[in-house]
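This report concerns only the one structure given below.
Quick note: numbers below take in every heavy atom, side chains included, and nothing from hydrogens, waters or symmetry partners. Residue numbers start at 1 and run along the sequence shown.
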Amino acid sequence: MLKKIYKIIIVPYTLFLLYLMFLGMGRFQYKDNLISVEPVFSTIDFIQNSISWKNIIMIVLGNIVMFIPFGFLGWIVPKLRNLKSLLFTFISSIVIVEALQYFTRMGIFEVDDIILNTFGVYLGWLLCSYIEKRFSC
């Protein structure tokens, strides 16, 4: 039952996430192409200089939690049950999305986003493995 629901929801969820990444949350087109390739330090700097915990939770945890559902892609594409294949496919895809944000200037190409999003997929994969073992999906 969970797999059927997942198969129905993942496409609209992906489209919603792409909307958020390019148009949602007050996005606007930057004047210049922006890139942040300093991993981890830029996120730490963001946390230290953030005015509110709401921003920290929304940005940092959001970049993890919103990508957990992609850890279940093995339910649709059996090849992606393998963690290496899943992470390779996901990282390739998210780099393309980040590059599109850069080239369209509708966001910033951020290495930290790639790291946090990938961590979310990994957590999703762990959760998927747990659910499959616990409930024999």
* If we only count heavy atoms from C-beta on, is the Phe88 to Ser92 side-chain gap below 4.5 Å? -> yes
Exercise. Any side-chain heavy atom of Ile68 sitting closer than 4.5 Å to one from Val121?
Worked result: no
- Should Met106 and Met21 count as side-chain neighbours, where that means a heavy-atom distance under 4.5 Å? no
Sequence neighbours excluded, the answer for side chain to side chain contact (heavy atoms under 4.5 Å, CB included) partners of Ile8 is none
Residues passing the side chain to side chain contact (heavy atoms under 4.5 Å, CB included) test with Leu100, sequence neighbours excluded, are Phe22, Ile96
Can you tell if the side chain of Phe70 reaches within under 4.5 Å of the side chain of Leu86, non-hydrogen atoms only? no
Looking only at heavy atoms, the pair that brings Arg105 and Lys31 closest together is NE-O, 3.5 Å
Worksheet item: So do the side chains of Trp125 and Phe72 get within less than 4.5 Å of each other, counting heavy atoms only?
Response: no
Does any non-hydrogen side-chain atom of Tyr30 lie less than 4.5 Å from one of Ile108?
yes
Do the side chains of Ile131 and Val65 join up, straight or via other hydrophobic residues, at under 4.5 Å, putting them in one cluster?
-> no
Residue pairs meeting side-chain hydrogen bond (donor to acceptor under 3.5 Å, both in side chains), one or both in residues 4-25, sequence neighbours left out, come to none
key: Whether Glu98 side chain and Ile114 backbone form a donor-acceptor pair below 3.5 Å   = no
In terms of heavy-atom contacts, Pro39 and Val111 come closest through CB-CG1, 3.9 Å
When rounded to the nearest 0.5 Å, the distance separating CD of Gln101 from OG1 of Thr104 is 7.0 Å
For Arg81 and Gly74, the nearest pair of non-hydrogen atoms, with its separation, is NE-O, 3.5 Å
* Are the aromatic rings of Phe119 and Phe67 close, with centres under 6.0 Å apart? -> no
Within a strict 4.5 Å, meaning less than it, do heavy atoms of the Asn117 and Phe90 side chains meet? yes
